Trainee: 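Before I ask anything, let me first share the structure, which is written out below as structure tokens.
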Amino acid sequence: MDSNFDSIPIIDVSPLLTNPEAINMDDPIVYQVLEMLHTACKNVGFFYVKGHGISDTLVRGVREVSRNFFNLPLEEKKKIKLSSTTGYRGYTKLLDNKTQGKPDMHESIDAYKEFAPGAYGPIGENFEGPNLWPEYPQELKQMMEEYGVALEKLSKMITRGIVLALGGSPDIFEGDRAGDSFWLMRCIGYPGSGGAAHPSAIGCEAHTDYGLLILVNQDDNVTALEVQNRSGEWIPAVPIPGTFVCNIGDMLKIWSNGIYEPTVHRVINNSSEFRVSIPFFYEPNFNAVVEPLEFYKQKTGGVAKFNKVVYAEYLINKVRNNFVHE
Ligand SMILES: N=C(N)NCCCC[C@H](N)C(=O)O
Ligand SMILES: O=C(O)CCC(=O)C(=O)O
Ligand SMILES: [Fe+2]
């Protein structure tokens, strides 16, 4: 991060929602969007995305249907319980998610990109599916699948904009890097007032995200997500209806040789309302080898600042410590 910030910029990405050949870099409107993307990624690590083209019905719908699921009795929700034997897919109850070793005051359904069993050898077995969707509300599965398709497309276009902003080739993250993203989506519920029985527990402890780019679809009526600036102050990501909150992940730091760094954030729901958010995590390919790209190295003195990591190894080392198992 180059400079401090006290607010999170809003970027209208609509000029980027087209095929790469149709993006005219000489168009001043396109130029301005790219400039804003670069500056936001470099200085803040967070920005609001508007003009994304995803229907309000779908964006609100996935939150409402998730809320209906969280309202069900625990016994019902546990029918799709996540564990190390379900590929880390399914439901996790309050305080069974851990971030930085601390129990989080949230419950969730986690769904990863599905892949054929055996596709990635022994390490792949950790994440073998299928996703676990509830019997009620019956429409959750179909809506979330539609949502995943839409959010993956949007993530790709924003990522392409970030690359174009520095004059890179627009398909730099396609193919072996993130052309077959091992994405994750989470439906998350945060009880109001920090959860009555555990008033000191926070919704999600301070952390950075693991992958490339994250798009958060949050309730309009509760401010709970907070982003840490250079002086250690927590800047609230106040909901702006019709936007996603976008932030960058650990792998973009490696790929960009440190030009872009993820920003620490956390969630505290001090309101009296139950808050729902649905982050979409746009990640590298499962077996991607992530290392500083030549294109970004040339802009940063030519020397790689980070060692390479295999994304699946990075991910399993994180996820193994993310859950309490009964
Ligand atoms: N596969 C991905 N990207 N998972 C992201 C989850 C990040 C938050 C989590 N509570 C944590 O412990 O950091
Ligand atoms: O609920 C939110 O607003 C963000 C959650 C988050 O940071 C995460 O799940 O990684
Ligand atoms: Fe996060």
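The figures that follow rest on heavy atoms only: side chains count, while hydrogens, waters and symmetry mates do not. The structure displayed is predicted, hence computed values, not measured ones. Just follow the structure's listing: the first ligand is 1, and inside any ligand the first atom is 1.
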Trainee: Are any of the N or O atoms of D209 closer than 3.5 Å to those of ligand 1?
Mentor: no

Trainee: From C204, does some N, O or S atom reach closer than 2.8 Å to the Fe ion (ligand 3)?
Mentor: no

Trainee: Does one side chain, of N217 or Y147, offer a donor that lies under 3.5 Å from an acceptor on the other?
Mentor: yes

Trainee: Specify the protein heavy atom at minimum distance from atom 5 (C) of ligand 2: its residue, its atom name, and the distance to 0.1 Å.
Mentor: Y190 OH, 3.4 Å

Trainee: Specify the protein heavy atom at minimum distance from atom 8 (C) of ligand 2: its residue, its atom name, and the distance to 0.1 Å.
Mentor: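 Looking at atom 8 (C) of ligand 2, the protein heavy atom closest to it is H207 NE2, 3.7 Å.
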
Trainee: Does one hydrophobic cluster hold both V222 and V238, with members joined at side-chain heavy-atom distances below 4.5 Å?
Mentor: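 No, separate clusters.
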
Trainee: With carbon and hydrogen excluded and only N/O/S kept, which atom of D209 is nearest the Fe ion (ligand 3)?
Mentor: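 In D209, the N, O or S atom with the shortest distance to the Fe ion (ligand 3) is OD1.
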
Trainee: Can you list the ligand 2 atoms lying under 4.0 Å from a non-hydrogen atom of R275?
Mentor: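 Contacts of ligand 2 toward R275, numbered from 1: 1 (O), 2 (C), 3 (O).
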
Trainee: Report the part of D209 (side chain from C-beta onward, or backbone N, CA, C, O) that has a heavy atom under 4.0 Å from ligand 2; answer both or neither where that applies.
Mentor: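 D209 to ligand 2: side-chain contact only, backbone stays beyond 4.0 Å.
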
Trainee: Answer with yes or no whether the side chains of S231 and N4 bring together a donor and an acceptor at under 3.5 Å.
Mentor: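 Their side chains do contain a donor-acceptor pair, which is all the 3.5 Å distance test asks for.
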
Trainee: Please work out which of L212, I188, L315 has its closest non-hydrogen atom nearest to atom 1 (N) of ligand 1.
Mentor: L315

Trainee: Tell me which one of N321, N322, I214 gets a heavy atom nearest to atom 12 (O) of ligand 1.
Mentor: N322

Trainee: Pull out every atom of ligand 1 sitting under 4.0 Å from any heavy atom of L184, numbered as shown with elements.
Mentor: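 Heavy-atom distances to L184 below 4.0 Å select 1 (N), 2 (C), 4 (N).
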
Trainee: Between ligand 1 and E283, can you find any atom pair, the residue atom being a heavy atom, that is separated by under 4.0 Å?
Mentor: yes

Trainee: What residue and atom, counting heavy atoms only, is the protein's closest point to atom 10 (N) of ligand 1, and at what distance?
Mentor: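 Protein heavy atom at minimum distance: T99 OG1, 2.6 Å.
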
Trainee: What is the name of the N/O/S atom in H207 that sits closest to the Fe ion (ligand 3)?
Mentor: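 Per the distance ranking, H207 contributes NE2 as its closest N/O/S atom to the Fe ion (ligand 3).
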
Trainee: Would you say the ring centroid of F281 lies under 6.0 angstrom from that of Y210?
Mentor: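 No; Y210 has its ring centre 6.0 Å or more from that of F281.
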
Trainee: Once you measure the plane-to-plane angle for H106 and Y190, does it fall in the parallel (<30°), tilted (30-60°) or perpendicular (>60°) bin?
Mentor: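 Ring orientation, 0 to 90° scale: perpendicular.
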
Trainee: Would you call the rings of F182 and F286 parallel, tilted or perpendicular if under 30° counts as parallel and over 60° as perpendicular?
Mentor: perpendicular

Trainee: Consider side-chain contact (heavy atoms from CB on, under 4.5 Å). Of D171, L34, I172, which one does V163 pass it with?
Mentor: I172

Trainee: Between V245 and ligand 2, find which residue part has any heavy-atom pair under 4.0 Å and reply side chain, backbone, both or neither.
Mentor: neither

Trainee: Is the contact between R266 and ligand 2 made by the side chain, the backbone, both, or neither, using heavy atoms and a 4.0 Å cut-off?
Mentor: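 No part of R266 is near ligand 2 at this cut-off.
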
Trainee: Using the rule side-chain hydrogen bond (donor to acceptor under 3.5 Å, both in side chains), only one of Q228, E226, E205 pairs with R266; which is it?
Mentor: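 Answer to the side-chain hydrogen bond (donor to acceptor under 3.5 Å, both in side chains) test with R266 among Q228, E226, E205: E226.
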
Trainee: Mind checking whether Y210 has an N or O less than 3.5 Å away from an N or O of ligand 1?
Mentor: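 Between Y210 and ligand 1 (N or O atoms, distance only) the closest approach is under 3.5 Å.
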
Trainee: Does K98 have a heavy atom less than 4.0 Å from any atom of ligand 1?
Mentor: yes

Trainee: Any chance the rings of F244 and Y48 have centres within less than 6.0 Å?
Mentor: no

Trainee: Classify the angle between the aromatic ring planes of F69 and Y91 as parallel (below 30°), tilted (30 to 60°) or perpendicular (above 60°).
Mentor: perpendicular

Trainee: Taking everything shown except Q142 itself, do over 12 heavy atoms lie less than 6.0 Å from its CD?
Mentor: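 Counting neighbours around CD of Q142, 12 or fewer heavy atoms of other residues, nucleotides or ligands fall under 6.0 Å, so no.
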
